[in-house]
2 protein chains.
Amino acid sequence: MQKLTNIKSQLKEAGLKATHQRLVIMNAVKEMSDHPSAEKVFSSIKANNPSISLGTVYKTLETLVNNGLLAKVATREGQMRYDPRLDNHGHIYLTNTKELVDYYDEELDTLIIDFFKRKRVNNLKIKNISVRINGEKLDSNKEVLIK
Amino acid sequence: MQKLTNIKSQLKEAGLKATHQRLVIMNAVKEMSDHPSAEKVFSSIKANNPSISLGTVYKTLETLVNNGLLAKVATREGQMRYDPRLDNHGHIYLTNTKELVDYYDEELDTLIIDFFKRKRVNNLKIKNISVRINGEKLDSNKEVLIK
DNA sequence: ATATTATTTGATAATAATTATTATTTAGTA
DNA sequence: TACTAAATAATAATTATTATCAAATAATAT
Ligand SMILES: [Mn+2]
Ligand SMILES: [Mn+2]
Ligand SMILES: [Zn+2]
Ligand SMILES: [Zn+2]
């Protein structure tokens, strides 16, 4: 598993100890494509790592976020999810399945960036602008796609 | 107070009993311009209405949302806030002060709507699209404004 | 106006998600 | 291989929110 070696160096680079727990948790978030919650990460790793506690999962995810290795995003219902993609992108939240799907579109990015470039922003330091699409997944077997 | 009479008819129209609690809570959300949490609504009304309980505030806000009289929006940190504005609009979340500020812009709306009109949307029924701006408020006394 | 009744409320308990505490363990270093 | 600061496991605590249910009340009928 070459991936774990890569994660190991990411941790080192961030000045974090490369513990087994961090490797496993970081790897789990990267493998789960739908922005897992802490609970989801916990249950995905527990078969192979029964000794890792839920508290450690929460604390580790927080550490990874604070050190810029993961992003954190709230669902419309207010639950926190973890995102291995660090670049700015949008999300589609499927209200019926609670899936959170990435949405990338160069053109939309440009459109929005250009739009705000033309605006006067008073008393605000913008950190990021994101588009969120809420909707219902129609066929739960098929993928959601906007293209 | 003419406002309360108006709220009363909104409640009736929605098929809800116009209770004192509902009038007071709805009025409080409308008066507080920064999308209050249930706790904030509770503390804003408790001086004049010491008998209204926090549970009632939560349940009433939920009822008002379910009947289309209020909207509900999660902050980036996952807490729920209540919004008296029902039309589709964006929000600016001020991470330092936790204020949630409305952002209206016709032009941006049109831009986004037109953009998605040109897209193929597969297996998804879009309910709404919103733009969220996260940033830091620079001077806590002055207002945030994008124009 | 009063009685009737389905709804709503207040008090309280319960739950869900997350964070804190602390003794024990471990990764990185010497 | 030993040392030590940092991390973890187990557990308790907290925060935000929802559920329960007996008592109160708004809307309707008399
Ligand atoms: Mn708008
Ligand atoms: Mn929550
Ligand atoms: Zn994402
Ligand atoms: Zn708003």
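Order of the sequence lines fixes the chain letters, A, B, ..., with proteins taken first and strands second; residue numbering starts at 1 for each chain.
When the salt bridge (charged side-chain N to carboxylate O under 4.0 Å, His left out) test is applied to A:K59, no partner is found at least two apart in sequence or on another chain. Take A:K12 and apply the side-chain contact (heavy atoms from CB on, under 4.5 Å) test, not counting sequence neighbours, and it matches A:A18. Residues passing the side-chain contact (heavy atoms from CB on, under 4.5 Å) test with B:V121 are A:I146, B:L124, B:I126, sequence neighbours excluded.
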Counting primed atoms, P, OP1 and OP2 as sugar-phosphate and everything else as base, the B/S/- map of nucleotides 4-12 of chain D against protein heavy atoms under 4.0 Å is -BBSBB---
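In the helix from C:dA1-D:dT30 to C:dA30-D:dT1, the end axes, each obtained as the rotation axis mapping the C1' atoms of four pairs onto the next four within a five-pair block, lie 30° apart to the nearest 10 degrees.
Residue B:K12 is classed as a sugar-phosphate contact, given heavy-atom separations below 4.0 Å to backbone atoms only. If you check every strand for non-hydrogen atoms under 4.0 Å, A:A38 touches nothing.
Rounded to a whole Å, the CG atom of B:L54 is 9 Å from the C1' atom of D:dT17. Here C:dG10 presents its C1' atom at 16 Å from NZ of B:K46, a figure rounded to the nearest Å. Straight-line distance from the OH atom of B:Y82 to the P atom of D:dT17: 6 Å, rounded to whole Å. Spacing between atom CG of B:N49 and atom P of C:dT9 amounts to 12 Å, rounded to whole angstrom units.
Within the structure, a side-chain polar atom (N or O) of A:Y58 is placed less than 4.0 Å from OP1 or OP2 of C:dT18.
Residue pairs meeting the side-chain hydrogen bond (donor to acceptor under 3.5 Å, both in side chains) criterion with at least one partner in residues 14-25 of chain B, sequence neighbours excluded, are B:H20-B:N49. Counting only residues at least two apart or in different chains, ring pair (Phe, Tyr, Trp, His ring centres under 6.0 Å) contacts with residues 27-63 of chain B comprise B:H35-B:H91. Residue pairs satisfying the salt bridge (Lys or Arg N to Asp or Glu O under 4.0 Å) criterion with at least one member in residues 70-79 of chain B, sequence neighbours excluded, are listed as follows: B:E62-B:K72. Pairs of residues two or more places apart, or lying in two chains, never qualify as salt bridge (Lys or Arg N to Asp or Glu O under 4.0 Å) while including a residue from residues 41-52 of chain A.
Under the 4.0 Å criterion applied to side-chain N and carboxylate O atoms, B:D105 and A:K119 are assigned as salt-bridge partners.
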